[in-house]
Number of protein chains: 2
Amino acid sequence: MDINKDQNTEQAILEVAEKLFLDKGFAMTTTTEIAKAVGCNQALVHYYFRTKEKLFTTIFEHKAKLFISQFIKVSDENIPFMDKLKQKVEAHFDLLKENPKLPFLLFNELTTNPERAKSIKEALSYIPKTIFTKLNEELKVEIENGRIRPISAFDLVYTIVSLNVMLFIAKPIFDAVLDFSPQDYSDFIERRKHENVKIIIESLKP
Amino acid sequence: MDINKDQNTEQAILEVAEKLFLDKGFAMTTTTEIAKAVGCNQALVHYYFRTKEKLFTTIFEHKAKLFISQFIKVSDENIPFMDKLKQKVEAHFDLLKENPKLPFLLFNELTTNPERAKSIKEALSYIPKTIFTKLNEELKVEIENGRIRPISAFDLVYTIVSLNVMLFIAKPIFDAVLDFSPQDYSDFIERRKHENVKIIIESLKP
DNA sequence: TGAATATTTAATAGACCTATTAAATATGGA
DNA sequence: TCCATATTTAATAGGTCTATTAAATATTCA
């Protein structure tokens, strides 16, 4: 071992593997490469995690649960619905900004290897059903009071997620095709953060 | 050769490879598998296309150019801006519906193998710059006449593409995580087609 | 028909990958 | 210190993949 001699090898493997899986997906990442990046023997990756699949699952489930639990964190309940909505949309954006490659990994693994769906479903089951129920109830009150047009929680969430997630999934397009500099990209997504909130709020008007 | 004995082998390879690349991406598709699906010897894939990379590039560039040229097709010029916008958003949706896996392939290849960016850039350069210029001019007129709020062509396009494309990229999530049946999915995206138009129109109000 | 060319096949080189094994080395506690 | 256990290494089995080659077969056309 070269690097990371100080810290836990198992942890080092997890960290390096997470970065590589997020960068290039499951198929394009090899255990040989992970070991090399950690600075350890390739057999060690299997010693600690047995298979590449298990290593991936461990990392993905941990990452997904962390993401979801961070998002779930209740915000101040005693504020108007629209303010809370703005808060949530921005919190979703911020969380994506901290985990910009997670959505792609989810899409990638679910698309190229549907057998992994079960493990991913397991990881995502951490999203309580109650979230949708609760949102639907809140929406119902707003709709009945004529403050917003009729809309389902699912549709609202779809709009939010689409507008926010695409900022990060499409980054390689902005970089390669549109020749965005890092500054261009940074400016763009920050501007869109507010634009997205505006569009979502606007789309709810009765 | 078993199947496709009637038709051109080269063409058969292209068709089968296109399906497989779209289904599973470049990395997860093997030339052996392509040959097997075509019903020919694996060496034939290399005989006609030399390398897997060349085969992929041929297919991708053709697909991308087709998609773009179909979208570019001018619609009736003599209708109000908002009507044209609605037409375009729906045309974009319809085109995606016919090529539901193309966006993912684009993201996948650009993300997992950035070296391929050049060839993809080449394929996408088929999008004339004038499109954005023209849209910006049309927007300017609408803005100056107070019919819509100030917005850039790029932002408008981002909103349209995000809302439409996510319907298809996220399909594996709807299927696996939300247990959508084919009918559920079909109903959902058709509803969203109109919902997306509404959101986009609404988001432009002054 | 028969020679030139095109297509197809079987075989395989060469690379790399995952996973395992046995042996070597390090570590911690009695 | 010394033994038991944990960690690490080198070596390798066994598989698959891309790409090439030479030989076999089919097709074309003079």
Using atom types as modelled and distance alone, determine if a side-chain donor or acceptor of A/Glu109 lies under 3.5 Å from a backbone N or O of A/Phe26.
-> yes
Kindly list each side-chain donor-acceptor pair under 3.5 angstrom involving residues 94-107 of chain A, sequence neighbours excluded, with atom names and distances?
unit_1   : atom_1 : unit_2   : atom_2 : d
A/Asp94  : OD1    : A/Lys193 : NZ     : 2.9
A/Lys97  : NZ     : A/Glu190 : OE2    : 2.6
A/Asn99  : OD1    : A/Lys63  : NZ     : 3.1
A/Asn99  : ND2    : A/Leu95  : O      : 2.9
A/Lys101 : NZ     : A/Asp23  : OD1    : 2.5

Every protein N/O lying under 3.5 Å from an N/O of nucleotides 20-25 of chain D:
unit_1 : atom_1 : unit_2  : atom_2 : d
D/dT20 : OP1    : B/Arg50 : NH2    : 3.3

To the nearest Å, give me how far apart CD1 (B/Ile34) and C1' (D/dC17) are.
-> 12 Å
Can you check side-chain contact (heavy atoms from CB on, under 4.5 Å) on B/Tyr47 and B/Asn41, steps first, answer last?
-> CA-CA 10 Å; B/Tyr47 170 71; B/Asn41 189 286; over 6 Å; no
What's the CZ-P distance between A/Phe26 and C/dC17, to the nearest Å?
-> 13 Å
Rounding to a whole Å, what distance do you find between B/Glu33:CD and D/dC17:C1'?
-> 12 Å
What about the rings of B/Phe188 and A/Tyr158, do their centers lie closer together than 6.0 Å?
-> yes
Assess the pair A/Phe168 and A/Phe93: is the distance between their ring centroids shorter than 6.0 Å?
-> yes
Would you tabulate the side-chain donor-acceptor contacts of residues 195-204 of chain B under 3.5 Å, counting partners in other chains and residues two or more places apart, or write 'none'?
unit_1   : atom_1 : unit_2   : atom_2 : d
B/Glu195 : OE2    : A/Arg149 : NH2    : 2.6
B/Asn196 : OD1    : B/Arg192 : NE     : 3.2
B/Asn196 : OD1    : B/Arg192 : NH2    : 3.0
B/Asn196 : ND2    : B/Leu163 : O      : 3.1
B/Asn196 : ND2    : B/Asn164 : OD1    : 3.1
B/Glu202 : OE2    : B/Lys205 : NZ     : 2.9
B/Ser203 : OG     : B/Ile200 : O      : 2.8

Report the distance from atom CG of A/Asn8 to atom P of D/dA6, rounded to the nearest whole Å.
-> 14 Å
Find the distance B/Gln11:CD to C/dT7:P and express it as a whole number of Å.
-> 14 Å
Listed nucleotide nearest any side-chain atom of A/Tyr48, set D/dT7, C/dT8, C/dT18 = D/dT7
Shortest side-chain distance from B/Thr9, nucleotide among D/dT8, D/dT18, C/dT8 | C/dT8
Is there a donor-acceptor pair under 3.5 Å between the side chain of B/Thr29 and the backbone N or O of B/Lys24?
-> no
B/Thr32 side chain N/O closer than 4.0 Å to the phosphate oxygens (OP1, OP2) of D/dT18?
-> yes
Measure from CD1 on A/Ile13 to P on D/dA6 and round the result to the nearest Å.
-> 17 Å
Let me know, please, whether A/Thr29 or B/Glu10 comes out on the 5' side of the other along DNA chain C by nearest nucleotide.
-> B/Glu10
Verify the contact: side-chain N or O of B/Thr30 to OP1 or OP2 of D/dT16, cut-off strictly under 4.0 Å; return yes or no.
-> no
Please state how far atom CG in B/Leu44 lies from atom P in C/dT7, giving the value in whole angstrom units.
-> 10 Å
